[in-house]
Each structure stands twice: as C-alpha cells, then as structure tokens.
Amino acid sequence: MSIQPKTRLYVDSPLGEGQAVGLDPERAHFLRHVLRLDKGNVVAVFNGRDGEWLAAIDGFGKGWCSLTVTEQRRLQAAGPDLWLLFAPIKRGRIDFVAEKASELGVSRLWPVFTRRTDPNRVNTDRLLANAIEAAEQSERLTVPEMADPLPLDKALAGWPAERTLYLCAEAGNVRPIAEAVRARPRGPAAFLIGPEGGFAQSELDEICKLPFVVPVGLGPRILRADTAVVAALACWQALAGDWTADGGDTRPPFRAPADPTVGE
C-alpha cells in the first residue's frame with residue numbers, strides 16, 4: 001500500500017530523491033504544534049517545477065524542521081495558461097479572490113487599479129500566501145505568479161496580442177460568456193474583473209477598442225466582484241480549460257474509504 005502523506009506543502013527548494021529540505025519557522029510550527037507530527041512522518045512537497053514528492057521528517061528544532069525527499073508521487077504538469085486581472089476590493093473579500101482563483105487554476109494574479117478602485121493599496125504578500133495555501137489544499141502542482149499592481153492602462157499597454165482578454169462587463173453590447181469562450185480558439189486567456197462600483201463608461205469605451213479584448217456578460221444579475229471572479233473562471237474551465245475531457249488529471253487515483261459494513 002502506498003504511503004499517504006499527512007499534509008501537502010509548497011516549498012521553494014529543488015526536489016529530487018535524497019534531497020534535504022529545510023522548512024521555515026512558520027511551517028515547522030504548523031507541522032509540529034498544529035498537526036502534531038514527529039520524526040518519520042511523511043508529507044508531500046511540491047515546488048512548481050519538479051512535480052510532487054514524498055518527504056520524511058528528519059527532525060525538529062527551535063524554529064526549524066528538516067525533511068528528506070524520498071520518492072516522486074506525481075510528475076510535473078503544466079496548468080492552464082490563465083491570468084486574472086482584478087480591481088482590489090476590501091480585505092477578506094480580496095483574500096477570497098486569491099484563494100478561489102488559485103483553486104480554479106489561475107496562473108497569474110494581477111491587481112489593477114481602475115478609475116473607481118477603492119482601496120488603492122494591495123498587500124500582495126498576503127494575497128500570495130492565501131494563493132499558496134489554496135494550491136496546497138487543492139492539489140495543484142503550481143502556484144500562481146503574483147504580478148506587481150499597476151494602473152489598468154499600464155497593464156494593458158504591453159499586452160501580448162495572442163492572449164485573449166475577456167472583459168466581464170455589467171451591461172452593454174456583450175456576448176454571453178459561454179458563447180464567447182466557445183467561439184474563440186483555445187490558447188492563452190485572461191479575465192478582467194472590475195471594481196465594486198463598476199467600470200467608468202469612458203474606461204469601458206477605451207478598453208473595448210483594444211483588439212485582444214472580448215466583452216462578456218455573466219447573466220442577468222449584477223454580481224459582486226468576488227462572485228464574478230468565481231463565475232467567470234468556472235465557466236472558462238468548464239468550456240476551455242482543464243475541466244474538459246482532455247484537460248488531464250495527474251492526481252493519484254482516488255481511494256474510497258473501506259465500507260465498515262462489509263463482512264458483517
């Protein structure tokens with residue numbers, strides 16, 4: 001029977017058989033005092049480059065924990081090439097955006113400032129920490145890149161022409177999101193979610209002139225910004241991402257728990 005790891009951690013160290021990995025004080029505390037693990041217990045580790053590996057705990061010290069990588073559990077696989085541009089919203093809800101976008105496979109998180117954005121500051125370290133924790137729990141093999149916050153016009157100024165940018169608009173002449181995604185060839189994609197007060201009309205007019213922008217609608221109701229993120233990403237994943245039949249699933253086979261009634 002294969003070893004089942006006690007938890008799953010993202011690390012920045014190279015991974016390979018026999019490789020030593022040191023954990024920072026926060027991770028060491030989590031393993032020792034929260035999960036109450038001890039020397040010899042096995043965890044899963046991944047770094048976004050070398051796949052997922054099993055690693056045994058060698059020991060703990062004051063503010064540290066050391067692991068030894070033992071065997072590979074999953075080969076590295078590329079995730080969806082999907083970016084999320086979003087106007088910052090209030091704390092708590094913006095943490096939710098980072099967490100759910102990571103669970104939904106986003107490869108780059110990019111806060112952008114629009115004309116109605118409030119607040120106008122972003123704690124990207126906290127957002128990345130939320131995204132990493134979500135990646136650990138959702139069993140993805142990568143973590144999202146956190147891009148530096150920029151005004152929206154500057155973010156779009158150097159936009160790669162081959163990447164479709166789906167603009168989630170509250171109203172206007174837009175196509176339903178499912179129709180728009182099905183009509184585009186598969187390839188690099190991104191979504192733009194506006195601020196709580198919506199885009200300014202002049203801002204929408206400017207964005208819609210860009211050749212790589214496809215305005216889309218998310219139904220007849222006005223969604224909160226964090227709800228719009230989940231709705232848009234889920235639609236794309238179901239129609240063009242790794243939720244489709246050929247999306248691929250590299251996770252270890254699911255093992256149902258034993259039926260306690262068998263043999264009675």
Side-chain angles (χ1 to χ4, degrees), residues 8-10 12 24 26-27 30 48 79-140 142-159 163-171 177 188-200 203-204 207 213 215-219 221-238 241:
R8 189 169 183 269
L9 299 174
Y10 170 76
D12 195 34
D24 58 36
E26 184 177 354
R27 297 298 183 86
F30 175 70
D81 190 357
L82 180 63
W83 296 359
L84 174 65
L85 283 71
F86 60 99
I89 52 179
K90 295 176 182 178
R91 181 172 181 173
R93 290 175 57 201
I94 195 173
D95 293 342
F96 176 90
V97 166
E99 175 187 296
K100 299 310 173 188
S102 181
E103 289 181 30
L104 288 164
V106 165
S107 57
R108 173 184 276 196
L109 292 166
W110 197 346
V112 293
F113 300 114
T114 68
R115 292 173 192 172
R116 294 177 178 170
T117 297
D118 183 34
N120 58 11
R121 299 177 66 182
V122 186
N123 186 336
T124 53
D125 289 340
R126 191 184 76 243
L127 291 184
L128 182 58
N130 283 318
I132 288 174
E133 183 176 350
E136 292 171 339
Q137 295 177 355
S138 63
E139 297 198 0
R140 63 181 286 178
T142 58
V143 298
E145 172 193 355
M146 178 62 66
D148 293 331
L150 282 177
L152 178 57
D153 57 346
K154 291 186 177 180
L156 300 182
W159 193 264
R163 184 177 296 276
T164 301
L165 176 60
Y166 295 100
L167 164 66
C168 295
E170 298 89 353
I177 185 171
F191 280 89
L192 172 58
I193 307 292
E196 291 175 315
F199 293 101
E203 194 171 32
L204 280 175
I207 297 169
V213 170
V216 298
L218 297 176
R221 291 165 294 278
I222 299 298
L223 304 181
R224 289 170 58 146
D226 46 343
T227 308
V229 166
V230 175
L233 296 177
C235 286
W236 186 89
Q237 282 286 30

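These figures come from a predicted structure and were not determined experimentally. The residues of the chain are indexed from 1 along the displayed sequence.
Looking at every heavy atom in both residues, Ala200 comes nearest to Arg115 through CB-CD, 4.4 Å. The nearest pair of heavy atoms linking Ile94 to Val122 is CD1-CG1, 4.3 Å.
Salt bridge status for Arg8 with Glu136: absent, with no side-chain N to carboxylate O gap under 4.0 Å. A salt bridge links Asp81 with Arg163: the closest approach of a Lys/Arg side-chain nitrogen to an acidic carboxylate oxygen falls below 4.0 angstrom. A salt bridge does not link Glu203 to Arg116: none of the charged side-chain nitrogens sits closer than 4.0 Å to a carboxylate oxygen.
Side-chain contact between Val216 and Trp236 is absent, with no heavy-atom pair separated by less than 4.5 Å. Within the 4.5 Å cutoff, no side-chain heavy atoms of Ser102 are placed close to those of Asn130. When side chains are defined from C-beta on, Phe191 does not count as touching Val106, because their heavy atoms never get closer than 4.5 Å. Proximity of Leu152 to Ile207: side-chain heavy atoms (C-beta onward) are separated by under 4.5 Å at one or more points. No side-chain heavy atom of Ile193 sits less than 4.5 Å from a side-chain heavy atom of Leu85. Counting heavy atoms from C-beta on, the side chains of Pro111 and Met146 come closer than 4.5 Å. For the pair Val213/Leu156, no side-chain contact is recorded, criterion being any heavy-atom separation below 4.5 Å from C-beta on.
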Next item on the list: Mind running side-chain contact (heavy atoms from CB on, under 4.5 Å) on Ile177 and Tyr166 for me, showing each step along the way?
Entry: CA-CA 9 Å; Ile177 185 171; Tyr166 295 100; 5.8 Å; no
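Atom-to-atom distance recorded for Ile89:CD1 and Asp226:CG is 4.5 Å, nearest 0.5 angstrom. Note that the CD atom of Gln137 and the CD1 atom of Ile132 stand 12.5 Å from one another [nearest 0.5 Å]. Between atom CH2 of residue Trp83 and atom CG of residue Leu192 there is a gap of 13.0 Å, rounded to the nearest 0.5 Å.
Judged by distance alone, with hydrogens and angles left aside, the side-chain atoms of Trp110 form no donor-acceptor pair with the main-chain N or O of Phe86 at under 3.5 Å.
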